[in-house]
Amino acid sequence: MWRFESSDVCDQIVERMDGALGCALVDLATGLPLALCARSDSLVTNTALEMISAAAVACFSGGAGGRPEPASGDEAGTGGDSGPRQIQVTTELTYNFMSLVPGDDRVLLVLVTNRGDSNLGLGWMAMRQALDHLGNLHDERAADRPE
């Protein structure tokens, strides 16, 4: 699973993006962060980033009841993907971006930004760049594994 480069990706997002408060890669099976970087100590000491990550896991896994049914598109049972791939939540003070990592639907990338210092476009741009990088890392690992 993601162990070494993942923390670098979280660090880079937080360092490069104006208004980034924190970033985490989260294991969807356990809800635990695989990597975590926070610009604000309060996000870590108050476990706020972990709570945001746990809430994101519930959104993507459908909580205790399994993955949520699609709002449109394929009906349940027809073989289509029925779960969300990306979610964006806005609070009074923050934008929260969440997305499954390409190539590994067991891992979720979460980015929290300050609304006063960032905007939705820049947040999604930072997410997409990080997701591309993580997808490439996943592909490289898959190519290196013996069959």
Side-chain angles (χ1 to χ4, degrees), residues 1-139 141:
M1 183 87 71
W2 305 93
R3 291 210 175 116
F4 41 95
E5 297 99 342
S6 56
S7 61
D8 293 340
V9 170
C10 291
D11 291 342
Q12 289 172 11
I13 290 174
V14 171
E15 288 173 17
R16 291 180 183 169
M17 185 180 173
D18 289 339
L21 299 174
C23 181
L25 269 175
V26 182
D27 182 334
L28 279 172
T30 65
L32 297 173
L34 301 168
L36 184 93
C37 178
R39 183 170 282 164
S40 166
D41 288 339
S42 66
L43 277 179
V44 176
T45 57
N46 296 333
T47 65
L49 196 51
E50 286 92 344
M51 289 188 293
I52 293 167
S53 297
V57 167
C59 290
F60 281 84
S61 67
R67 299 270 303 219
E69 293 298 322
S72 63
D74 287 331
E75 294 182 27
T78 62
D81 181 29
S82 64
R85 307 285 309 163
Q86 296 179 331
I87 297 175
Q88 185 262 310
V89 176
T90 302
T91 69
E92 187 175 334
L93 300 175
T94 65
Y95 293 124
N96 301 273
F97 304 90
M98 300 161 246
S99 180
L100 294 174
V101 172
D104 193 344
D105 287 351
R106 301 167 298 163
V107 180
L108 181 66
L109 180 63
V110 177
L111 171 64
V112 179
T113 68
N114 179 332
R115 281 185 66 176
D117 298 325
S118 66
N119 65 52
L120 293 173
L122 292 175
W124 278 118
M125 187 174 75
M127 285 287 287
R128 291 216 172 39
Q129 289 173 348
L131 291 166
D132 286 346
H133 181 68
L134 289 168
N136 290 338
L137 289 174
H138 180 270
D139 292 346
R141 283 197 190 135

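Each residue takes its place number in the sequence, starting with 1.
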- Query: What heavy-atom pair brings Pro84 and Cys59 nearest, and what distance separates the two atoms?
  - Reply: CG-O, 3.9 Å
- In short, Glu92 meets Arg115 closest at the heavy-atom pair O-CD, 3.7 Å
- Note on the structure: Closest heavy-atom pair, Ala130 versus Val9, reported as atoms and distance to 0.1 Å, is CB-CG1, 3.8 Å
- Just wondering, do Leu28 and Leu100 contact through their side chains at under 4.5 Å, heavy atoms? yes
- Query: Taking all non-hydrogen atoms of both residues, which atom of Cys10 and which atom of Cys23 are closest, and how far apart?
  - Reply: SG-SG, 3.5 Å
- Query: Can you name the closest pair of heavy atoms from Ser118 and Gly19 and give their distance?
  - Reply: CB-CA, 4.4 Å
- Query: Is the number of heavy atoms from other residues, nucleotides or ligands within 6.0 Å of CG (Asp117) greater than 12?
  - Reply: yes
- Query: At their closest point, which heavy atom of Met127 faces which heavy atom of Leu109, and how far apart are they?
  - Reply: CE-O, 3.5 Å
- Give, for atom CD of Gln12 and atom CD of Gln129, the distance between the pair rounded to the nearest 0.5 Å. 10.5 Å
- From Ser53 OG over to Leu32 CG, what is the distance, rounded to the nearest 0.5 angstrom? 9.5 Å
- Item | Asp11 side, atom CG; Arg39 side, atom CZ - distance, nearest 0.5 Å | 11.0 Å
- Heavy-atom side-chain proximity of Met98 to Val26 below 4.5 angstrom: no
- Kindly determine whether Arg128 and Gln86 satisfy side chain to side chain contact (heavy atoms under 4.5 Å, CB included), including the steps that lead there. CA-CA 11 Å; Arg128 291 216 172 39; Gln86 296 179 331; 3.4 Å; yes
- Query: Between Leu108 and Val110, does a side chain to side chain contact (heavy atoms under 4.5 Å, CB included) hold up when you go through it step by step?
  - Reply: CA-CA 6 Å; Leu108 181 66; Val110 177; 4.1 Å; yes
- Task: Quick one: which residue pairs count as a ring pair (Phe, Tyr, Trp, His ring centres under 6.0 Å) with a foot in residues 97-125, not counting sequence neighbours?
- Result: Phe97-Trp124
- Criterion side chain to side chain contact (heavy atoms under 4.5 Å, CB included) on Leu25 and Val101, from CA distance to verdict: CA-CA 9 Å; Leu25 269 175; Val101 172; 3.8 Å; yes
- Message: Walk me through whether Tyr95 and Val112 qualify under side chain to side chain contact (heavy atoms under 4.5 Å, CB included).
- Response: CA-CA 6 Å; Tyr95 293 124; Val112 179; over 6 Å; no
- Interatomic spacing from CG in Leu122 to CZ in Arg16 - rounded to 0.5 Å: 14.5 Å
- Item | Main-chain N/O of Ser99 paired with Arg85 side-chain donor or acceptor, under 3.5 Å | no
- Message: With rounding to the nearest 0.5 angstrom, report the CG to OG1 distance, Leu120 to Thr90.
- Response: 5.5 Å
- Message: Any non-hydrogen side-chain atom of Glu15 less than 4.5 Å from a side-chain atom of Ile13?
- Response: no
- Task: Under the side chain to side chain donor-acceptor pair (under 3.5 Å) rule, collect the residues that match up with Thr94, sequence neighbours excluded.
- Result: Thr91, Asn96
